[in-house]
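As structure tokens, the structure follows; a few thoughts come after it.
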Amino acid sequence: MTVLMPAPPAPLVLPRIGVLLRHAAPRVFESMILPVLVFYVALVFTNANVALAVAAAWVYGGVAWRLVKGGEAPGTLLLAAGTITVRVVLTVATGNPIVFFLQPCLGVFCVSMGFLLTAPLRRPLIRRVVADLVPLPDQVMEHPRMRRFFVSQSVLWGCAQLLNGALSLWLLLSQTLETYLLVRTSAVAVLLGGAALVSVLSLRHCLRRLETRWTEIQEPGTPGLETARP
């Protein structure tokens with residue numbers, strides 16, 4: 001009689017942090033940074049109305065280009081298109097360019113609450129963001145160590161965005177538009193850049209620990225990573 005022994009778990013090969021960053025960076029730059037940069041540049045050389053039109057055309061052009069090429073527009077780019085549509089409509093309806101910047105401030109507060117309120121859940125909001133930006137296997141995403149990582153990152157980004165929103169709102173309501181653009185851009189770049197650096201280093205440490213743990217359990221019949229003790 002032939003006895004079939006369970007096959008040992010396949011080796012787990014996690015992508016290096018450099019690969020993950022190269023995957024996420026173009027999406028973040030295209031959907032979050034470029035539209036704002038285009039608006040600022042257009043505002044310097046023209047006026048608020050022209051800058052609104054240029055920023056909207058840039059985002060819609062990016063979506064149309066993907067569709068013409070036969071591909072799919074990333075979810076982050078579609079979200080940017082929807083967001084800028086609302087901002088342009090409200091700004092034109094009120095005739096006040098400050099409204100264009102007020103909506104993002106309120107949106108930042110909502111994102112902050114989303115991170116903080118979903119931190120204790122099994123699938124917090126930050127997990128969805130990580131899954132969109134970083135291609136990791138499901139067994140890694142479900143590991144208890146990664147769940148603890150998601151909780152800590154939810155708190156980190158919730159607090160960072162809360163501070164971002166408070167600072168942006170204060171500058172918008174108390175300073176001129178030119179001062180708001182200059183100070184807010186610099187301050188938010190430092191704040192969110194610091195948070196991003198902490199997140200990258202934390203993710204790198206977490207993946208290294210997971211990879212080490214997986215190597216230790218590579219024996220026939222040993223449970224997979226998802227049941228391994230953290």
Side-chain angles (χ1 to χ4, degrees), residues 12-33 35-36 72-83 86 103-169 187-214 223-230:
L12 177 66
V13 180
L14 293 175
R16 296 302 173 188
I17 196 68
V19 176
L20 301 179
L21 291 177
R22 285 194 295 271
H23 175 84
R27 291 162 173 78
V28 173
F29 185 73
E30 180 181 22
S31 61
M32 300 179 184
I33 299 178
V36 178
E72 293 184 357
T76 49
L77 189 58
L78 294 176
L79 182 61
T83 300
V86 174
Q103 187 271 339
C105 292
L106 300 180
V108 167
F109 284 117
C110 292
V111 170
S112 172
M113 292 299 101
F115 284 139
L116 294 175
L117 294 178
T118 63
L121 301 182
R122 179 179 178 83
R123 292 177 178 270
L125 178 60
I126 195 71
R127 186 187 189 280
R128 297 174 180 267
V129 176
V130 172
D132 188 34
L133 297 178
V134 181
L136 290 173
D138 290 340
Q139 58 181 343
V140 173
M141 297 292 280
E142 294 294 338
H143 192 272
R145 191 180 297 278
M146 283 298 293
R147 293 176 192 165
R148 291 195 293 271
F149 169 79
F150 292 140
V151 172
S152 65
Q153 294 305 301
S154 294
V155 175
L156 170 65
W157 282 97
C159 294
Q161 293 289 29
L162 186 63
L163 182 57
N164 174 15
L167 175 63
S168 300
L169 187 60
V188 171
V190 173
L191 174 64
L192 299 188
L197 178 61
V198 172
S199 294
V200 169
L201 295 178
S202 299
L203 179 60
R204 181 181 181 182
H205 175 74
C206 187
L207 292 179
R208 283 183 172 179
R209 295 293 297 272
L210 284 175
E211 202 165 29
T212 301
R213 181 60 181 165
W214 181 260
L225 181 62
E226 66 274 8
T227 59
R229 188 168 51 187

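Quantities reported herein were computed from a predicted structural model and do not represent experimental measurements.
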>> If the condition is side chain to side chain donor-acceptor pair (under 3.5 Å), which residues does T118 pass it with, not counting sequence neighbours?
In response: none

Can you tell me how far [atom2] of [Y] sits from [atom1] of [X], rounded to the nearest 0.5 angstrom?
X: H143; Y: R147; atom1: NE2; atom2: CZ; answer: 9.0 Å
X: S168; Y: F109; atom1: OG; atom2: CZ; answer: 8.0 Å
X: L169; Y: N164; atom1: CG; atom2: CG; answer: 11.0 Å
X: C206; Y: Q153; atom1: SG; atom2: CD; answer: 9.5 Å
X: R122; Y: R127; atom1: CZ; atom2: CZ; answer: 8.0 Å
X: L203; Y: F149; atom1: CG; atom2: CZ; answer: 4.5 Å

>> Determine whether W157 and S199 satisfy the following criterion, side chain to side chain donor-acceptor pair (under 3.5 Å), listing intermediate values before the conclusion.
In response: CA-CA 9 Å; W157 282 97; S199 294; 2.7 Å; yes

> So which heavy atom on V108 is nearest to which on G165, and how close?
Replying inline: CG1-N, 3.5 Å

> Considering all heavy atoms of both residues, which atom of M141 and which atom of M146 are nearest to each other, and what is their separation?
Replying inline: O-CB, 3.9 Å

> Do R208 and R204 touch side chain to side chain, with heavy atoms closer than 4.5 Å?
Replying inline: yes

> How about I126 and V151: do any of their side-chain heavy atoms sit closer than 4.5 Å?
Replying inline: no

> Would you find a donor on one side and an acceptor on the other, under 3.5 Å apart, between the side chain of S154 and the backbone of L116?
Replying inline: no

Sequence neighbours excluded and cut-off under 3.5 Å, please list the side-chain donor-acceptor pairs for residues 188-196, or say none.
none

